[in-house]
Novice: 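Structure below; questions to follow.
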There are 2 protein chains.
Amino acid sequence: MLTNRQLQILKVIVDDFILTAQPVGSRYISKKETVDYSPATIRNEMADLEEMGFLEKLHSSSGRAPSEKGYRFYVDHLLSPSTLSSREKNLIRESFGKKTLEFEQVVEKSAGILSDLTNYTSIILGPEVFETRLKQIQITPLSHEKAVAVLVTNTGHVEHRVFSTPVEIKATDLEKMVNILNERLKGVALIEVPERLNREIFSLLKEHAEHFNDAFMYLRAALANDNSAKLYVGGKTNILMQPEFKDIDRIRSIMSMIEEEKDIASLLKTSDKGIQTMIGHENPFIALQHCSIITANYYLGNQQVGTLALLGPTRMEYNRVVTLVEELSRHMTETFREWY
Amino acid sequence: MLTNRQLQILKVIVDDFILTAQPVGSRYISKKETVDYSPATIRNEMADLEEMGFLEKLHSSSGRAPSEKGYRFYVDHLLSPSTLSSREKNLIRESFGKKTLEFEQVVEKSAGILSDLTNYTSIILGPEVFETRLKQIQITPLSHEKAVAVLVTNTGHVEHRVFSTPVEIKATDLEKMVNILNERLKGVALIEVPERLNREIFSLLKEHAEHFNDAFMYLRAALANDNSAKLYVGGKTNILMQPEFKDIDRIRSIMSMIEEEKDIASLLKTSDKGIQTMIGHENPFIALQHCSIITANYYLGNQQVGTLALLGPTRMEYNRVVTLVEELSRHMTETFREWY
DNA sequence: TTTAGCACTCGGAACCAATGAGTGCTAACA
DNA sequence: TGTTAGCACTCATTGGTTCCGAGTGCTAAA
């Protein structure tokens with residue numbers, strides 16, 4: 001168990017290292033107003049804290065920096081919940097004040113705010129599109145061989161797919177087909193659409209007209225879901241400003257990872273609910289071993305869930321950032337609640 | 001005017017510097033099989049070439065590197081049109097062989113190929129969406145206060161806008177409204193839609209029902225065009241692998257520029273037709289002063305034009321890259337020709 | 001006109017000493 | 001017994017020096 005003095009010293013070190021990215025020395029700590037011990041005493045405590053694994057030295061005669069365990073302890077026990085500055089409050093209120101009516105616009109804007117306010121990289125995982133429910137389907141012929149199917153879901157999300165059509169299809173037939181599709185698919189989750197097509201609608205269409213066959217095949221192929229939840233990323237270049245990432249190789253691996261989307265998406269998808277922090281190696285990717293990730297969830301109505309995340313160096317301004325992420329996720333949820 | 005020998009030496013230097021990023025010395029050149037002069041002779045020629053501004057030294061006793069003027073001369077007069085390697089050919093053929101039916105997919109894939117094959121960053125400017133013509137408009141109510149308008153254009157592009165609706169609107173009324181819109185707007189360029197709405201349709205709708213007013217206002221606002229042509233970027237992280245960009249600040253300014261989209265888009269939009277190269281300071285942006293940009297156009301059918309570009313260091317593999325860009329733009333144009 | 005030879009330049013690597021920030025340990029002190 | 005002053009020690013950093021080598025420019029000879 002840590003003594004009060006150790007807690008105090010640990011907190012000072014983490015706070016200071018987060019600010020300066022420089023290892024913290026005993027003399028420096030003892031000069032702080034809030035601290036009243038001599039450098040020697042502090043050195044003793046620091047040695048103890050290091051032994052316990054909360055601190056580490058870069059080399060034998062450097063000051064101490066927090067270890068990952070140190071950050072973890074700091075986040076779990078020493079975080080003083082900060083209040084937002086008026087600037088932050090204003091920026092958020094302003095952005096959510098405007099009636100931006102598109103889901104994507106809200107999310108994009110949120111990503112922007114988050115990265116601007118923190119100087120880290122924000123990543124927002126959109127909700128699973130394929131769990132939203134079909135509101136309307138429309139097919140518009142483009143040329144004699146092609147048509148585009150437009151799916152509107154209950155969240156106002158629009159998916160579209162171009163597909164081939166046999167030449168022979170007539171406008172009236174097409175209309176019939178669309179009517180059937182609408183009748184049968186309204187309210188169905190997008191993810192279930194392909195199955196429904198196979199199970200019910202195929203035979204139904206067959207009864208009505210022979211040459212729907214081909215068109216249907218293509219449509220079905222076009223609607224096979226790719227199941228990729230979209231990532232909205234803000235402040236990609238912010239990483240470049242962190243002193244711990246002056247090494248090009250590190251940057252490259254992080255950036256490629258964000259670019260790839262796949263791994264990050266799955267990471268966010270499987271993250272636990274509520275505010276979560278992953279510090280350094282707590283996340284499974286080597287590329288992110290010097291990064292921390294803070295995640296929170298937001299909700300669309302009742303069930304639909306998305307995740308917003310903030311990616312920065314392990315030396316992250318946890319207290320400020322945690323409240324910011326929390327606040328923002330709340331605002332998003334609230335905004336969406338009004339909609340659905 | 002340059003002598004043959006000077007041409008030869010200049011070519012060797014540029015070729016070699018492009019390959020190695022190291023200044024080229026006289027001794028090294030004289031050892032090349034294709035060169036039969038002593039280092040001293042070559043030194044004389046190099047001094048002349050430097051005087052003429054085609055070469056420059058990093059410091060007094062370094063070898064020579066091409067100046068921007070040198071690259072320009074190289075591109076204009078010394079480029080030996082290279083043929084694609086079989087690997088390149090295969091990759092391209094393979095990608096365009098698949099019937100990807102979405103415009104965006106083709107473009108995205110093209111950007112991917114281009115950046116993969118070159119290890120530079122590819123940027124493709126989509127055609128002006130707002131010059132495509134409306135094929136169909138559809139309005140789907142989402143809740144009692146909101147609806148989404150979906151616009152399908154002749155190119156298969158789909159735009160959608162969420163907008164507020166007054167509560168009172170009835171399904172039959174909405175249908176009437178959509179019918180009028182379709183009737184009046186079919187074939188109209190997207191960019192002209194807002195104006196048409198104001199000029200013709202507003203009064204028309206007014207005759208039909210009083211409370212369309214509000215809905216119409218919102219719809220009109222929603223359709224006000226944002227007029228941004230989309231950028232498709234491939235291989236953003238490729239810049240990080242170029243040795244001339246090991247300086248973080250340089251990378252940051254380039255990356256922010258790409259991220260911004262605005263400047264790059266306008267640059268590409270105003271670029272001349274055909275294959276163009278901009279070397280170093282030939283482009284107007286300080287952030288890109290150490291970059292070269294190669295642009296080519298592609299066409300959708302007859303009028304619609306987009307631009308594809310490749311962004312790399314001034315020390316670019318011009319000959320390979322130029323043919324690649326050319327080839328790819330041709331493939332894109334051809335693919336699209338089949339569609340429209 | 002070309003080339004061999006030579007003096008010269010400059011960046012980069014290696015080495016060294018000095019500096020200073022920081023530590024650990026011990027002994028004295030309250 | 002906990003705290004602190006003192007001191008020896010460590011190590012990264014900085015600046016200075018030297019040396020090396022790649023490359024040049026110039027001159028004189030072929």
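Quick note on labels: first sequence line is chain A, next is B, and so on, each numbered from 1.
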Novice: Name all residues meeting the salt bridge (charged side-chain N to carboxylate O under 4.0 Å, His left out) criterion together with B/Asp249; count only those two or more places apart in sequence or in a different chain, and write none if there are none.
Specialist: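 Partners of B/Asp249 by the salt bridge (charged side-chain N to carboxylate O under 4.0 Å, His left out) criterion, ordered by chain and then number, come out as B/Arg252.
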Novice: For A/Tyr28 and C/dG20, what is the distance between atoms OH and C1' respectively, to the nearest whole Å?
Specialist: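 These atoms are roughly 18 Å apart.
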Novice: Check whether any side-chain N or O of A/Asn297 sits under 3.5 Å from a backbone N or O of A/Leu308 as a donor-acceptor pair, and report yes or no.
Specialist: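 Checked: no pair found.
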Novice: When the distance from CZ of A/Phe17 to P of C/dG22 is rounded to whole Å, what number comes out?
Specialist: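 Rounded to whole Å, this separation is 13 Å.
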Novice: Apply salt bridge (charged side-chain N to carboxylate O under 4.0 Å, His left out) to A/Glu50 and list each qualifying residue two or more places apart in sequence or on a separate chain.
Specialist: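 A/Arg64.
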Novice: Quantified as the angle between the terminal helix axes (five pairs each), what is the overall bend of the helix from C/dT1-D/dA30 to C/dA30-D/dT1 to 10 degrees?
Specialist: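 Taking five pairs per end, the axes differ by 20°.
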Novice: Please evaluate the base of D/dG23 for a donor-acceptor partner in the side chain of B/Arg27 within a cut-off of under 3.5 Å?
Specialist: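 It does not, because no donor-acceptor pair links the side chain of B/Arg27 to the base of D/dG23 below 3.5 Å.
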Novice: Under 3.5 Å, is there a donor-acceptor pair between the A/Thr323 and A/Ser82 side chains?
Specialist: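 A pair is found: one side chain offers a donor N or O, the other an acceptor, under 3.5 Å apart.
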Novice: If you take all heavy atoms of A/Thr237 and A/Met255, which pair is closest and at what distance?
Specialist: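 Smallest heavy-atom distance, with atoms named: CA-CE, 4.5 Å.
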Novice: Is the number of heavy atoms from other residues, nucleotides or ligands under 6.0 Å of A/Asp76 CG greater than 12?
Specialist: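 For A/Asp76, atom CG is crowded (more than 12 foreign heavy atoms under 6.0 Å).
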Novice: From CD of B/Gln22 over to C1' of D/dG23, roughly how many Å is that when rounded to an integer?
Specialist: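 Nearest whole value for this atom pair: 13 Å.
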Novice: Side chain of A/Met46, heavy atoms from C-beta onward: which of C/dT3, D/dT4, C/dT23 has the nearest atom to it?
Specialist: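 For the A/Met46 side chain, the nearest candidate turns out to be C/dT23.
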Novice: Are a donor atom and an acceptor atom from the side chains of A/Glu244 and A/His290 found within less than 3.5 Å of each other?
Specialist: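 Result is no, nothing qualifies.
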Novice: Give the rounded distance in Å between these two atoms: CD of B/Glu45 and C1' of D/dT24.
Specialist: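 After rounding, the gap between these two atoms is 15 Å.
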Novice: Is B/Lys89 salt-bridged to B/Glu327, cutoff N-O under 4.0 Å?
Specialist: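 Answer for the salt bridge query: no.
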Novice: Which residues pass the side chain to side chain contact (heavy atoms under 4.5 Å, CB included) test with B/Pro243, sequence neighbours left out?
Specialist: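 For B/Pro243 the side chain to side chain contact (heavy atoms under 4.5 Å, CB included) partners, ignoring immediate neighbours, are B/Ala21, B/Arg315.
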Novice: Among the candidates D/dT3, C/dA4, D/dG6, find the nucleotide nearest to the side-chain atoms of A/Thr41.
Specialist: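 Given the options D/dT3, C/dA4, D/dG6, the side chain of A/Thr41 is closest to D/dT3.
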Novice: Are more than 12 heavy atoms from other residues, nucleotides or ligands located less than 6.0 Å from atom CZ of B/Arg320?
Specialist: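 Yes, because the 6.0 Å sphere around CZ of B/Arg320 holds more than 12 heavy atoms from other groups.
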Novice: Please report the distance, rounded to the nearest Å, between CG in B/Asp36 and C1' in C/dT1.
Specialist: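 Checked: the CG to C1' distance equals 15 Å.
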Novice: Separation of B/Ile42 atom CD1 from D/dG25 atom P, in whole Å?
Specialist: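 Those two atoms, CD1 and P, are 13 Å apart.
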Novice: For DNA chain D, what residues of residues 48-66 of chain B have any heavy atom nearer than 4.0 Å?
Specialist: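 Residues of residues 48-66 of chain B under 4.0 Å from DNA chain D: B/Lys57, B/Ser60, B/Ser61, B/Ser62, B/Gly63, B/Arg64.
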Novice: For DNA chain C, determine which residues of residues 3-12 of chain B have any heavy atom closer than 4.0 angstrom to one of its atoms, and list them numerically.
Specialist: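 The answer is B/Arg5.
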Novice: Is a side-chain N or O of A/Gln242 found less than 3.5 angstrom from the main chain of A/Ile239, in a donor-acceptor match?
Specialist: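 No, the answer is negative, given that no donor and acceptor are paired below the 3.5 Å cut-off.
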Novice: Please determine, for the side chain of B/Asn44, which listed nucleotide (C/dT23, C/dT3, D/dT24) has the closest atom?
Specialist: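 Closest of the options to the side chain of B/Asn44: C/dT3.
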